[in-house]
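Below: one structure, written as structure tokens.
Residue numbers begin at 1 in each chain, while the letters A, B, ... track the order of the sequences.
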Amino acid sequence: MTLRLYDTATGEVRDFVPLQTGKAGVYVCGLTVQGEPHVGHVRSAVNFDVLRRWLIASGYEVTFIRNITDIDDKILTKSADQGRPWYNLAYDMKRELDKAYDALHVLPPTYEPAATGHVPEMIELINLLIERGHAYAAEDGSGDVYFDVRSWAAYGELTHQGIDDMEAATDADPRGKRDPRDFALWKGWKQDSEPVTASWPAPWGRGRPGWHIECSAMAGKYLGDAFDIHGGGVDLRFPHHENEQAQSRAAGGRFASYWMHNAWITTAGEKMSKSLGNTLSIPGVLQRVRGIELRYYMVSAHYRSHVEFSFEALEEAASAFRRIERFLEKVPEVIVGELPAAFSAALDDDLGTPAAIAAIHDAVRQGNVHVAADESEAAAAVAGSVIAMLSVLGLDPADPHWSQGSASDSGELKGVVDVLIAGLIEQRQAARANKDFAAADAIRDQIAAAGVEIEDTPQGARWKLTGQN
RNA sequence: GGUGGGUUGGCCGAGAGGCGAGGCAACGGACUGCAAAUCCGUCUACACGGGUUCAAAUCCCGUACCCACCUCCA
């Protein structure tokens, strides 16, 4: 079975055929670093991280580029409001973003280019577009350069829209534009309101790049004129992706073969938006559940399905995930095994993570049956495949990544706690042997109150931290 | 106005013409001193109205409601 992906450009699920056999080039629009990352941002990152891991697991050599937009209108206005340099705000938020990605075990991309580091490439691309007659410098002296939408007949092809059916950008400053739908490739420096540090020299005067041109320039630099997959959130289809494609193709490239867009995660029926102020920051959410549980929650819905975020659903997902963990804890010394066919088929079908997770749960139930029957070899084999599946989704609880931070402290403490609890468990066993159940239960309650759970098994009592104290 | 998507059982959430995805919760049973964990079972759903078909949650027509994009946004 081969990988099939939904391509926004064609509106259908089709076979993934890479440009080069065995290789996959992926470009994903990262963030504009102007505020704290929220669960919506991270959903996109997690979705494409799953894509990447599945491509790797399928044998592809993956080049994964995710950019950072570190200069734009919002960054300039926000930093001005906060009374600090724009680059400081962008850098701070970039670091927050890195923390959020790390908390969800989103793998670092092959490279993460920043817009400000690629101005020469953008200027070069804009020049090429001007030469080819698809862009023009505004004649009003503003220093702006616009893409000439009417010069590119295919404009609108990605989102299946005709230019004349589109509403013209009402708030756009029409000065110097040939068509209201023309968009800025270069924004001339506004000396009265913008710091000189936010401008770069260019043939058309000092200024800064427009939003869309960065992705075209950076994707071209790191992936070439033609590459396999371009991803981002649904909101980016238009105008951002449409414009990217128009620019890059007008400049002579082929650009992306497949376009993938992840759906929104909303709160209380509304999209999470910096401007609405209803964002759920990652650190905030991580006070309620662990990062691995949040990741499980995100992966349990299909990437093209809209998710209505709720803490109830999140807790529910966390419960489901703990069931998987409990099974794995019962099976020591597991060797990573094979992926079940149902799991691979699910992911091959446009990253069907919900069905993939169902395959995990099926295996867990089967594994629990083996554990109950004391069939340790069979149980270990099942656990091996469960671990293999979880790894592909970035959800292996045994991955050292998840225990970073708290591990050093708890590692030392664990030995001590182990001895203390073992003593208590022995006392409880003695009480049970004497049929003094009141005493036995008192001990169990006492440890439970401290956040330690006892599980009675035929081989004796086991204990673990519940994380609820 | 244009474009794209949605409405599934108590809840979350898949599927896309014929075999009850999966999970959470609840209830019953097994196990247990009692629990917990685990297993078995129960809860037989697809917005509404028509139609096509031997067969429709799935296809077609219509209706209602919801959402996204067309303006910065994952």
Side-chain angles (χ1 to χ4, degrees), chain A residues 8 11 28-32 34-35 37-48 69 72-75 77 156 159-172 181 211 231-240 242 261-266 269-276 279 296-297 300-302 304-308 310 312-321 323-324 326-327 329-330 342 346 349 352-362 364-365 367-369 371-373 431-433 435-438 440-441 444-445 448 453-458 461-462 466:
Chain A
T8 309
V28 174
C29 285
L31 289 195
T32 298
Q34 48 123 338
H38 57 65
V39 294
H41 299 136
V42 170
R43 179 185 188 190
S44 180
V46 167
N47 287 156
F48 288 106
T69 298
D72 87 323
D73 293 353
K74 280 259 169 86
I75 292 174
T77 48
T159 48
H160 319 113
Q161 301 181 88
I163 295 181
D164 296 311
D165 292 330
M166 295 177 194
E167 287 179 3
T170 48
D171 67 335
R181 276 145 288 224
W211 178 36
V234 277
D235 54 311
L236 298 182
R237 282 179 307 187
F238 195 93
H240 190 231
E242 186 73 68
H261 296 279
N262 67 277
W264 291 100
I265 183 160
T266 56
E270 286 184 313
K271 66 180 177 178
M272 251 168 257
S273 157
K274 291 155 194 164
S275 42
L276 288 176
T279 62
Y296 177 89
Y297 172 63
S300 64
H302 187 85
R304 284 193 287 121
S305 289
H306 163 229
V307 169
E308 173 65 29
S310 75
E312 290 72 24
L314 179 60
E315 301 283 3
E316 215 173 74
S319 298
F321 186 71
R323 174 182 158 80
I324 299 171
R326 261 185 253 118
F327 163 63
E329 284 162 9
K330 289 178 202 160
D349 183 14
T353 51
I357 283 177
I360 293 175
H361 281 287
D362 286 342
V364 166
R365 188 183 315 98
N368 275 324
V369 170
V371 169
R432 290 176 73 199
K435 308 264 188 228
D436 184 357
F437 297 121
D441 290 351
R444 186 169 64 196
D445 292 347
E453 187 178 270
I454 287 186
E455 182 178 347
D456 289 323
T457 74
R462 296 156 28 92
T466 57

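- Between B/C70, B/C24, B/C39, one nucleotide has an atom nearer to the side chain of A/Pro239 than all others, and that is B/C70.
- Side-chain proximity of A/His41 to the nucleotides B/A21, B/U38, B/A74 is greatest for B/A74.
- Looking at A/Arg181, its side chain never comes within 3.5 Å of a backbone N or O of A/Asp164 through a donor-acceptor pair.
- For A/Arg323 and B/C39, the shortest distance from a side-chain N or O to OP1 or OP2 is below 4.0 Å.
- Under the 30°/60° scheme for interplanar angles, the aromatic rings of A/His361 and A/Tyr296 are found to stand perpendicular.
- Considering only the side chain of A/His361, B/G22 comes nearest among B/C70, B/C12, B/G22.
- Checked against B/G4, B/A37, B/G13, the side chain of A/Ala301 finds its nearest nucleotide in B/G13.
- Residue-to-nucleotide contacts include a donor-acceptor pair under 3.5 Å from the side chain of A/Asp456 to the base of B/A35.
- Rounded to whole Å, the separation between the P atoms of B/U3 and B/A45 comes to 37 Å.
- With B/C72, B/A74, B/G33 as the choices, the nucleotide that has an atom nearest any side-chain atom of A/Arg432 turns out to be B/G33.
- Side-chain atoms of A/Arg237 do not come within 3.5 Å of backbone N or O of A/His261 as any donor-acceptor pair.
- For A/His160, whose side chain is taken as the heavy atoms from C-beta onward, the closest listed nucleotide among B/C24, B/G2, B/G4 is B/G4.
- The partner of B/C69 is B/G2, judged by Watson-Crick or G-U wobble contacts that both fall below 3.5 Å.
- Both distances falling under 3.5 Å, in either a Watson-Crick or a G-U wobble arrangement, place B/G62 opposite B/C48.
- Residue A/Ser305 has a polar side-chain atom (N or O) positioned under 4.0 Å from OP1 or OP2 of B/A14.
- Within the 4.0 Å cut-off from OP1 or OP2 of B/A74, not a single side-chain nitrogen or oxygen of A/Asn262 is found.
- Within the 3.5 Å criterion, the main-chain N or O of A/Gly40 finds no donor-acceptor partner in the side chain of A/Ser44.
- Remark: B/A26 base-pairs with B/U42; criterion is Watson-Crick or G-U wobble with both hydrogen-bond distances under 3.5 Å.
- Distance check on atom C1': B/U44 versus B/G10 gives 15 Å, rounded to whole Å.
- On a pure distance criterion of 3.5 Å, a polar donor-acceptor pair joins the side chain of A/Arg444 and the base of B/C34.
- Searching all strands for a Watson-Crick or G-U wobble partner of B/U32 with both distances below 3.5 Å returns nothing.
- Which of B/A37, B/G23, B/A21 sits closest to the side chain of A/Arg365 comes down to B/G23.
- Between A/Arg304 and B/G6 there is no side-chain N or O to OP1 or OP2 distance below 4.0 Å.
- For A/Asp441 against B/G33, a side-chain-to-base donor-acceptor contact under 3.5 Å is present.
- Proximity note for A/Ala358 (side chain, C-beta onward) versus B/C34, B/G22, B/A74: the nearest is B/G22.
- Among the nucleotides B/C39, B/G23, B/A21, the one closest to any side-chain atom of A/Ala320 is B/G23.
- Checking B/C72, B/G33, B/A74 against the side-chain heavy atoms of A/Leu31 singles out B/A74 as nearest.
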